[in-house]
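Counting starts at 1 for both ligands and their atoms, in listed order. Since this is a predicted model, take the numbers as computed values, not measurements.
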Amino acid sequence: MNGYVHFDADGDIAVIRIDNPPVNAGSIEVRSGILRSIERVAADPALKAAILIGVGKTFIAGSDLREFGQPLASPQLPDVIAAIEGCPKPVVAALHGAALGGGYELALGCDARVAAAGTLVGLPEVTLGIIPGAGGTQRLPRLVGQVAAIDLICSGKRVEAAEAKALGMIDAVAEGDLRAFAVAFARRLKGEKRPIRNLCVREEDAAAVYAAETAALEAGRKLPQVRDAIEAVRTATIRPFDEALATEREAFQRLRIGRAAFALRHQFFAERDSAKLPEIQDIPARAVERVAVIGAGTMGAGIALASLAAGYAVTLLEESSDALERGLQRIGDHYARRTAAGKMTADEAGRQQARLTASTDEGKLADVQLVIEAVFEDLAVKQALFRRIERIVPAHVVLASNTSYLDLDAIAEATRRPHNVIGLHFFSPANVMRLLEVVRGAYTAPDVLATGFAVGKRLGKLPILTGNAFGFIGNRIYAAYRKQCEFMLEEGALPQEIDAAVEAFGFAMGPFAVADLSGLDIAWRMRQAGTAARDPEERYVAVPDRLCEMNRLGRKTGAGYYSYPEQGKRGRPDPVVARLIAEESAAKGIVRRPFTPEQIVRRVLLTMANEAALLLAEGVTTRLTDVDLVMVNGFGFPKWEGGPAFWACCELASDPASLEADLDAIAIVSGTGFVRGELALLRRMMPEGRVPAKQG
Ligand code: NAD
């Protein structure tokens, strides 16, 4: 029809093929092509029915998100669906690969749906800050009922063909060739139209519907798109079909240009782009099947678990058999918990554990292809380890360090083959957290970098490139953030106020709750070690030191910024801490003043954005979008807020002067030691079209 949609026929059945590689995204060209094809089916008396099918590895995997930030060109998806419903001949959607979002809505607009085994169907719109806008919230409840529709739409879950058939989302799982199956299915309809709009939403127990709504709201953090989705499904039961469709469309159009939808699309594109690295594009990764993990502590055990789950053979190495035992215990506990909870079969747990070898003998590493060290955070220990290991492992092995703060080049320089050294910075718990900072040192060879990314992907992680600089991307920004929060303590805020403000913004946890959870003593030791190097002019908050001196090291000692009278429960604000903070303010002559939650959040976000600008200026990262991915995937930044750079770019678009003025104020109050970045750099580095023109 137009290069994106092809038209041919199988006898009296039209075959409309969608061809928009790589995932047949539903773009304007695809919509126009389908519309014209349907008109042709309607007009041609020789054709009795039609099938819609995807070329390549999938049906329409989703709408073309690039169109969503601007006015949508016609024909829009509801126009195409209206044409299918208005066509006097039945149209069968033949699904394979994925039929998601607009792709599945198109299928819902057809007279029947058949799918190849393994096809994924679903309406993941809420995960992009919107709701289905082409009838999904109206047609799906007519097929599966309100309770299931609320769950499916509000979670955005993808459902595999067999389950989709059981739920009623599709009519049949295809046997044999999909095209032939769909053509035969269409022929069997004998011209009968079966539009879903003619069905009623079946009666369901009101209490069950209410329970589904409540659960969905809770799980969806009461986000606007979740509330709108629930409302739209409710409308399906009480309003005439076309009226309800119009209401759904109105909500979709409103959400589509809202800030959260921009933010979530920004995250989507950022993720897609993070893997496209020109520096390793045509460089093959080294083969890795056998991995050594050195150190079976918190991180080593997690890295070993992630590697086993990804199918690697893992050799876990420890210094002492006691430490090895503890690590193995941790790993064993993980499998026991997973199987007990029904999340993993005993067979699978057995298979994974069978790939694990544990040892205290470095000689066991003779045939590994990748070494990941997660030993103590001590330069001399890591240097000595790599120097020794290098004599045992093959020359081509990749030597990865999980260091958080050490200089990767100094580790590399201790080896004879520094080009083999790379940083793979996992986040705790390493088998759960998606973020993986891949650190390129001065010596790292391109194929070693390519290997780091390939392994990261196989581990199911989101690998992000970073330069070798203190704290890399994430910990560097986090440190600046925590420091500003400590400044706010001295200036008048309390830990619980700061934590509550950032948690209300959407962070998983506030900085002081995090500090108590991870323990205050590690940072205390680092500060003590750095005392000599610190500029005496630098603003220094002594509150955490004083807490440590009182043996308030966090949860593990029952007290930190909060007190923890009950194990496992949230901490309680403690008057002792409030008094201590007030004393510190007084000692510095600071007159305490109240902070609103908005002031707290703005200062936090501006600090993060400032640090992002510095990271760009210093070349630690060349991609602003990577900063947002790091903060969302490693530090609990709310995804629907897009990340600190996205936030700053929105603010710069609407009111740059006050943002600059607020940053100036932060610089003044922070004093010596604070480096002010150039915020305009963020705007220049943000890809086109990511940020709403005016704050939504
Ligand atoms: P940990 O103290 O829990 O574990 C370290 C383990 O290494 C210990 O079991 C120790 O016995 C073992 N070890 C020490 N020297 C060894 C050697 N020469 N050979 C074999 N084993 C040896 O520490 P951790 O929290 O797992 O941290 C490990 C590394 O990961 C550090 O570099 C740390 O900075 C980094 N890291 C930690 C986190 C975190 O949240 N804990 C996050 C990211 C990175």
What residues, two or more places apart in sequence or in another chain, satisfy side-chain hydrogen bond (donor to acceptor under 3.5 Å, both in side chains) together with N420?
-> R286
Please step through side chain to side chain donor-acceptor pair (under 3.5 Å) for the pair S670 and Q484, ending with a clear verdict.
-> CA-CA 8 Å; S670 303; Q484 274 309 318; 2.8 Å; yes
Atoms in ligand 1 flagged as close to A323, the criterion being non-hydrogen separation under 4.0 Å | 11 (O)
Heavy-atom contacts under 4.0 Å between V375 and ligand 1: side chain, backbone, both, or neither?
-> both
Taking the six-membered ring for Trp, is the centroid-to-centroid distance between H425 and F472 below 6.0 Å?
-> yes
Check whether the side chains of Q352 and E348 place a donor and an acceptor atom closer than 3.5 Å, and report yes or no.
-> yes
F487 six-ring face occupied by R539 cation (under 6.0 Å, within 45°) | yes
Do R572 and Y564 get their side chains close enough for a donor-acceptor pair, meaning under 3.5 Å?
-> no
Taking the six-membered ring where the residue is Trp, are the ring centres of F427 and F635 under 6.0 Å apart?
-> yes
Distance-only donor-acceptor check, side chains Y335 and Q353, under 3.5 Å | no
Note: heavy atom closest to atom 3 (O) of ligand 1, options I389, T298, I294, V293, belongs to T298
Nearest to atom 43 (C) of ligand 1, what protein heavy atom do you find, and at what distance?
-> F426 O, 3.1 Å
Shortest protein contact, atom 5 (C) of ligand 1 (heavy atom only) = A374 O, 3.6 Å
Region of F427 engaging ligand 1 - heavy atom pairs below 4.0 Å | neither
Between F637 and F507, ring centroids under 6.0 Å | yes
Ligand 1-proximal atoms of R326, by part, heavy-atom distance under 4.0 Å = neither
Can an N or O of S404 be found at a distance shorter than 3.5 Å from an N or O of ligand 1?
-> yes
Could you tell me if any non-hydrogen atom of E362 lies under 4.0 Å from any atom of ligand 1?
-> no
Protein heavy atom at shortest distance from atom 40 (O) of ligand 1 = S428 CB, 3.3 Å
among protein heavy atoms, the one nearest atom 30 (O) of ligand 1 is N402 ND2, 2.9 Å
Who's closest to atom 41 (N) of ligand 1 heavy-atom-wise, of E318, K382, M299?
-> M299
Provide, to 0.1 Å, the distance between atom 4 (O) of ligand 1 and the closest protein heavy atom, together with that atom's residue and name.
-> G297 CA, 3.3 Å
For H425, take its heavy atoms, then give the atoms of ligand 1 lying under 4.0 Å from any of them.
-> 43 (C), 44 (C)
